[in-house]
Structure formats: structure tokens, C-alpha cells
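First the structure, in the form of C-alpha cells, and then the observations on it.
Everything numeric here is computed off the predicted structure, so don't read it as measured data.
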Protein chains: 2
Amino acid sequence: MTTGGKLRSSKQRDRILELLRATDEHPTAAWIYDQLKAEFPRLSLGNVYRNLHILVEQGAIEKIEGGSTFDRYEAVGTPHCHLVCESCDAIVDLELPMSAVEELTERLNENGPYRATRARLEFYGLCESCVAEEQD
Amino acid sequence: MTTGGKLRSSKQRDRILELLRATDEHPTAAWIYDQLKAEFPRLSLGNVYRNLHILVEQGAIEKIEGGSTFDRYEAVGTPHCHLVCESCDAIVDLELPMSAVEELTERLNENGPYRATRARLEFYGLCESCVAEEQD
DNA sequence: TAGTTAATAGGAATCATTCCTATTCTTAAG
DNA sequence: CTTAAGAATAGGAATGATTCCTATTAACTA
Ligand SMILES: [Mn+2]
Ligand SMILES: [Mn+2]
Ligand SMILES: [Zn+2]
Ligand SMILES: [Zn+2]
């Protein structure tokens, strides 16, 4: 719907991507909107969503669904998995090796009748600060 | 909010759980509602949601978020992972071994400052019928 | 510089999910 | 068996993230 034709450059979209590349906080559309509305006084939330969608289709960012009522986004970089804190809803990047997941993906594509292009591994539990708080 | 006190039995909730245990289709709340409204003519969608929530808190079922705009549910059983079809939105159970994921979970809990209670592994791509359709 | 067309702002609309409350059912006394 | 207490439900309103629509603005091109 949005892609297919030639994309024109857009300062807003460029800044959204820059923001996502500069943080490891897995922001929401509303957070991005808040960050940029000083810089673009006429920015609209709908346009943030539209550009996030375009960036996802371009493969520059990924949408992270689940864990809460709103979606989060992150720039595409080194493959990694996440810990979703069930207490404070934080999403933390993990540095676990992804080789096991890659092997499973290959195995799935070899044997099965499916075609998997990517995998997502998430752990659910408590983040560092919430583990600490648990000892009262 | 709902749990904590003693739960009373409920025919509706029992049937919801039965339905989820009898299918591998990862149904939505609306689908469950459609299935049961003949049996319970006065059933309300809100009550389906309320009971799904209770069943999740009881650990009898799991909510599957992501892949589409509505949540899906499945009965808790043998641990497995899913293939999410990006073409038709189907969610397919996979029989890949989960040992690698269990090892990663242990590893995470040993070294890191986190506490992970469960993991979720999902593959994204094409389901069997959508792979077949691709050869036109 | 003017024309063409994509990108945007603003706001309405969507829709899955949650929330609220009067009513109905379940259960355990009496 | 009858009844009182309170849990579960139905129905519908409310919520809120996301999408959709359209007039306006801005970027590229000739
Ligand atoms: Mn991340
Ligand atoms: Mn499943
Ligand atoms: Zn936390
Ligand atoms: Zn499919």
C-alpha cells in the first residue's frame, strides 16, 4: 500500500530512524512522537505510524508486538533476543548467542514444508532492577 | 484483580478451556465466542475475555500476541514453538526440539542479573499451503 | 519558475479489548 | 426445602492504540 513506487526522502522519517538507531529502549510510536515534536512542531502521530510502517517494510526497523497494549520498535542490527520484564514491562537486549536459533531455522527450512525467513526468541521474567526490588 | 479469592466453577469457563484443548488452531476470543454462543445463547464476548484472562492467570492457557491485530490463545501442553505465516496469518505448531531454548534459558538465569521463567520462540515466513501457492 | 506528485497534518473512524453495573446463578447455611 | 451472600454473567458503554481519509504542504523535475 505504501511501498512499490519510488520513495521520496523525508526529514521526519530520517529522524525517526536515527532515533531508533541511537537507543536500545525499544520505543513506542508515542515516545518517538514526543521526542520529535519539538523539532517538528507540526508533526502528527499518524505520520509517525506511517513512517514506522514504511521503515518496517524497508527492513530498516522491526516492530515488537506483545508484552503490552502498544507496539514497540527497534532498529535492525546485530541479531539478538529480548527479556520482557513482566513486572515493569521493560524490554532488555540480551547477548545470548543466536547460533542455536539459526540452526533451528535451517533445520526447519530443510525438513519441513514451511519457509521461515526469520525467528524471534523472547524470554519472560524479571529485569535486573525488578529482581533487585524483589528482596525487600 | 480477578484472582486471589476462591474461584467458583463456571460452565462457560470450562467449555472455553475444553475448546482450546481440543484444537490446534490458536483461536481468537471472537472465534471462541462464535463457537459457544449456540450452546450459551446469552454468552457475552466480555465474559469470554474475562475467562480467558482467568485461565491465563491460572496457567491453563497462554495468550499469543503478535502477528495480527488480535490476540490468540492456546491450551498449555507440550512446549513447542510456532511458525507465523506472513501471508495468511496462520499460526502452525512446530515439532522442533526445545532443548536448545531450555539450555539458553538456564544459561540466562545462571550468568545474568535476570530471572527468566519462560521463553517463546517464533518463526516468521510461509505456512505449507502458502508455500505451495507461491508456485503459480 | 512552474508543474507534478509524494509526504504531511489534522482529525475522524476503526476495532479489539477493557470496564462498569444491574442481574442471574451457585453454594452453603439454616 | 428456603434463603441469604456473593461470585459470575450479560449487556453495553468506554478506552485507546492504530488506521484511514483528505486538504494542504513540500520536494523534485523539466
Ligand atoms: Mn532489542
Ligand atoms: Mn501452539
Ligand atoms: Zn522490570
Ligand atoms: Zn499461510
Side-chain angles (χ1 to χ4, degrees), chain A residues 1-20 26-58 60-74 89 91, chain B residues 1-20 26-58 60-74 89 91:
Chain A
M1 39 208 63
T2 319
T3 29
K6 304 96 190 169
L7 264 286
R8 186 179 287 178
S9 81
S10 147
K11 290 197 177 120
Q12 287 95 331
R13 184 159 62 249
D14 290 347
R15 290 289 293 126
I16 290 173
L17 182 54
E18 278 184 32
L19 266 188
L20 286 174
H26 312 90
T28 65
W31 182 90
I32 294 169
Y33 173 69
D34 286 342
Q35 297 297 309
L36 292 182
K37 71 184 174 190
E39 187 172 345
F40 302 98
R42 313 190 47 187
L43 184 65
S44 64
L45 185 56
N47 196 39
V48 172
Y49 275 108
R50 198 183 58 85
N51 279 314
L52 285 170
H53 204 254
I54 292 172
L55 290 168
V56 167
E57 292 201 341
Q58 289 181 341
I61 69 173
E62 274 185 76
K63 186 200 282 195
I64 305 174
E65 310 173 85
S68 59
T69 85
F70 31 77
D71 298 333
R72 311 179 98 99
Y73 297 84
E74 75 176 338
D89 287 334
I91 296 184
Chain B
M1 38 206 61
T2 320
T3 29
K6 304 95 191 171
L7 263 286
R8 185 179 288 177
S9 81
S10 148
K11 292 201 177 114
Q12 288 94 330
R13 184 158 63 248
D14 291 346
R15 289 291 292 126
I16 290 173
L17 182 54
E18 278 183 33
L19 266 188
L20 286 174
H26 312 89
T28 65
W31 183 89
I32 294 169
Y33 173 69
D34 286 342
Q35 296 297 308
L36 293 181
K37 70 183 174 190
E39 187 172 345
F40 302 98
R42 313 189 47 187
L43 184 65
S44 65
L45 185 56
N47 196 38
V48 172
Y49 275 109
R50 198 183 56 85
N51 279 314
L52 285 171
H53 205 253
I54 292 172
L55 289 169
V56 167
E57 291 201 342
Q58 289 180 342
I61 68 173
E62 276 185 75
K63 186 201 279 195
I64 305 175
E65 310 173 85
S68 59
T69 84
F70 31 77
D71 297 333
R72 311 178 97 100
Y73 297 85
E74 73 175 340
D89 287 335
I91 296 184

Could you state the atom-to-atom distance from CG of Asn47(A) to P of dT22(D) in whole Å? 18 Å

What pair of heavy atoms forms the shortest contact from Ile91(A) to His26(A), and how long is it? O-ND1, 3.1 Å

Comparing Tyr73(B) with Ser10(A), nearest DNA chain C nucleotide closer to 5' gives the residue Ser10(A)

Atom CD1 of Ile16(A) to atom P of dA7(C): distance rounded to whole Å? 13 Å

It should be established whether Thr69(B) places a side-chain nitrogen or oxygen under 4.0 Å from OP1 or OP2 of nucleotide dA17(D). no

When you measure from the side-chain N and O atoms of Gln12(A) to the phosphate of dA9(C), is any distance below 4.0 Å, counting only OP1 and OP2? yes

Need one value for Thr28(A): base, sugar-phosphate or nothing, where a base atom within 4.0 Å counts as base even if backbone is also close, heavy atoms only. nothing

Reckon Tyr49(A) touches a base, only the sugar-phosphate, or nothing at all at heavy-atom distances under 4.0 Å? base

Which whole-number value in Å describes the distance from His53(B) NE2 to dA8(D) C1'? 16 Å

Between dG11(D) atom P and Leu45(B) atom CG, what is the distance in whole Å? 12 Å

Integer-rounded Å distance: dT17(C) C1' and Ile64(B) CD1: 17 Å

Per nearest nucleotide of DNA chain D, the residue lying toward the 5' end, Gly46(B) or Arg13(B), is Arg13(B)

How far apart are the closest heavy atoms of Val56(A) and Lys63(A), and which atoms are they? CG2-N, 4.2 Å

Taking all atoms of both residues into account, what is the closest heavy-atom pair of Pro27(A) and Ile32(A), and its distance? CB-CG1, 4.2 Å

Nearest-Å distance, CG (Asp71(A)) to P (dG16(D))? 16 Å

Write down the atom of Ser44(B), the atom of Tyr33(B), and the distance for their closest heavy-atom approach. C-CE1, 3.8 Å

Measuring from the side chain of Ser44(A) (C-beta onward, heavy atoms only), which nucleotide among dA10(D), dA8(D), dG10(C) has the closest atom? dG10(C)

Measure the distance from OH on Tyr33(B) to P on dA10(D) and round it to the nearest whole Å. 9 Å

So which nucleotide from dA10(D), dT18(D), dA7(C) ends up closest to the side chain of Phe70(A)? dT18(D)

DNA chain C: Arg42(A) or Lys11(B), which has the more 5' nearest nucleotide? Arg42(A)

Leu7(A) has an atom CG; how far is it from atom P of dC28(D), in whole Å? 12 Å

Would you check if Ile54(A) and Glu57(A) make a side-chain contact, meaning some heavy-atom pair closer than 4.5 Å? no

